[in-house]
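Here the structure is laid out as structure tokens; the discussion comes afterwards.
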Amino acid sequence: DALVSLQSLRESEREGAGALEAARAALQSARSEYLTVEAVQKAALGKGRAGTDEWLARHKLEAQPRLAQQLEVESGWERAVETALGSYLEAVCVDGTDSVAESLDALSAGQLTIAESARGSAVRRTGDSLLTRVHGPAVVTDLLSGVIAVESLKEAVARRKTLQAGQTVITRGGIWLGREWVRVARSEAGHAGVIVRELDLKRLHRAVADHEGSTAALERNLADTRSRLAARTLSTLCPGWYEARYIAQVPGSKRNTPS
């Protein structure tokens, strides 16, 4: 029975080691994917630019979220929102822009937008407004006010004829029309996909955390299995030594009692 138990523990140790190796590989893969996407997202959000990064660090704003990270967009309308917001997606969201604005003269190079992070009070949104497809800080209302959302370019061209002053129309695919102009931006400044990419980052962050948790659990289980395997090996192959060691540790035993 002892040998059977020993063999069972050895098999559990091999299986545990294999499972841990696979879990570590999966964790490394998840971390690598997260870091790759994160690097692309940082560039798309204007991070890593010497002039602006130094200014933000000097004013302790480098950790503040960018506008793109604060948005919740209806699935399928991400490209339209990215096109309409453009470089404002990079805006640094802060609590109170007045004090920060006074320091912008010190920015000698680069481009920087500061926006209020507050959600603001509820505003009336018409059914065809792009604002019905997105939620975020109050500044979004200012930036997207007057932007009408339609499904197709055919609808946009027809709607264009009735646009009022200050109104524009944009398709789900991101083609943007004013009364006298048409604009399409597929990859300007890396903004294309920035909203979906932010969702991917959140998903990947959760995946990394899950892999870390499962890997840690497997490490604990394997350590416990190896400890039991070592004890079982000694008790099976060296029963005399193991018994003597056990007796020596038991209070009141003859070997433990002073002569």
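Just so we're clear, the structure is a prediction, and the values are computed from it rather than from any experiment. Below, each value reflects all heavy atoms present in this structure, side chains not excepted, and no hydrogens, waters or symmetry copies.
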Short side-chain to backbone donor-acceptor contact, Ser12 and Ser8, under 3.5 Å
yes

Below 4.5 Å, heavy atoms only, C-beta onward: do Arg203 and Leu199 meet side chain to side chain?
no

Quick one, Ser152 with Glu155, criterion side-chain hydrogen bond (donor to acceptor under 3.5 Å, both in side chains). Give me CA distance, side-chain angles, the key distance, then yes/no.
CA-CA 5 Å; Ser152 68; Glu155 290 179 76; 3.3 Å; yes

Does this structure show an ion pair linking Glu90 with Lys47, if we count only N-O contacts that are shorter than 4.0 Å?
no

Look only at the side chain of Ser32 and the backbone of Gln28, and say whether a donor-acceptor pair between them is shorter than 3.5 Å.
no

Using atom types as modelled and distance alone, determine if a side-chain donor or acceptor of Ser145 lies under 3.5 Å from a backbone N or O of Asp142.
no

Would you say the side chain of Thr215 lies within less than 4.5 Å of the side chain of Leu20, judging by non-hydrogen atoms?
yes

Pairwise side-chain contact, Ile195 with Glu82, heavy-atom cut-off 4.5 Å (strictly under):
yes

Heavy-atom neighbours of Gln111 CD exceed 12 at 6.0 Å
no

What pair of heavy atoms forms the shortest contact from Gln167 to Thr162, and how long is it?
OE1-O, 4.3 Å

Please give me the minimum heavy-atom distance between Gln64 and Cys93, naming the atom from each residue.
NE2-O, 2.9 Å

Cluster check Leu163, Ile175: I/L/V/M/F/W/Y, side chain < 4.5 angstrom:
yes

CG/Asn221 to OG1/Thr225 distance, rounded to the nearest 0.5 angstrom?
6.5 Å

Quick one: do Leu177 and Leu153 satisfy side-chain contact (heavy atoms from CB on, under 4.5 Å)? Show the steps, please.
CA-CA 9 Å; Leu177 296 83; Leu153 180 57; 4.2 Å; yes

Ser29 side chain to Ala25 backbone, donor-acceptor under 3.5 Å
no

Surrounding CD of Glu21 (heavy atoms of other residues, nucleotides or ligands, distance under 6.0 Å), is the total greater than 12?
no

Spacing of Ile114 atom CD1 and His59 atom NE2 [to the nearest 0.5 Å]:
9.5 Å

Using the test side-chain hydrogen bond (donor to acceptor under 3.5 Å, both in side chains), find all partners of Glu11 that sit at least two apart in sequence or belong to another chain.
Arg14

With no hydrogens and no angle check, is any side-chain donor or acceptor of Gln41 less than 3.5 Å from a backbone partner on Val194?
yes

How long is the span from the CG atom in Leu143 to the CG atom in Leu67, to the nearest 0.5 Å?
7.0 Å

Glu116 side chain vs Pro137 backbone, donor-acceptor pair below 3.5 Å
no

Gap separating the CD atom of Glu78 from the CZ atom of Arg133, nearest 0.5 angstrom
11.5 Å

Hey, mind stepping through Tyr88 and Val140 against side-chain contact (heavy atoms from CB on, under 4.5 Å) and telling me if it holds?
CA-CA 9 Å; Tyr88 283 102; Val140 174; over 6 Å; no

Ala17 versus Arg226, closest heavy-atom pair with distance:
CB-NH2, 4.0 Å

Closest heavy-atom pair, Thr171 versus Ala156, reported as atoms and distance to 0.1 Å, is CG2-CB, 3.8 Å

Answer yes or no: is there a donor N or O on one side and an acceptor on the other, between the side chain of Arg232 and the main chain of Leu9, under 3.5 Å?
no

Under 3.5 Å, is there a donor-acceptor pair between the side chain of Trp55 and the main chain of Ser103?
yes

Nearest atoms (heavy-atom pairs only) where Leu218 meets Ala23:
CD1-CB, 3.5 Å

Leu201: hydrophobic cluster co-members (side-chain, 4.5 Å)
Leu27, Tyr34, Leu35, Val37, Leu204, Val208

With heavy-atom distances below 4.5 Å as the criterion, would you say the side chains of Leu112 and Leu56 are in contact?
yes

Under 3.5 Å: donor-acceptor pair, side chain of Arg66, backbone of Leu45
yes

What distance separates Glu74 CD from Leu130 CG, expressed to the nearest 0.5 Å?
10.0 Å

Salt bridge present between Arg228 and Asp224 (N-O < 4.0 angstrom)
yes

What one should report as the nearest heavy-atom pair of Lys202 and Gln69 is NZ-O, 4.1 Å

Are the side chain of Ser117 and the backbone of Val94 linked by a donor-acceptor contact shorter than 3.5 Å?
yes

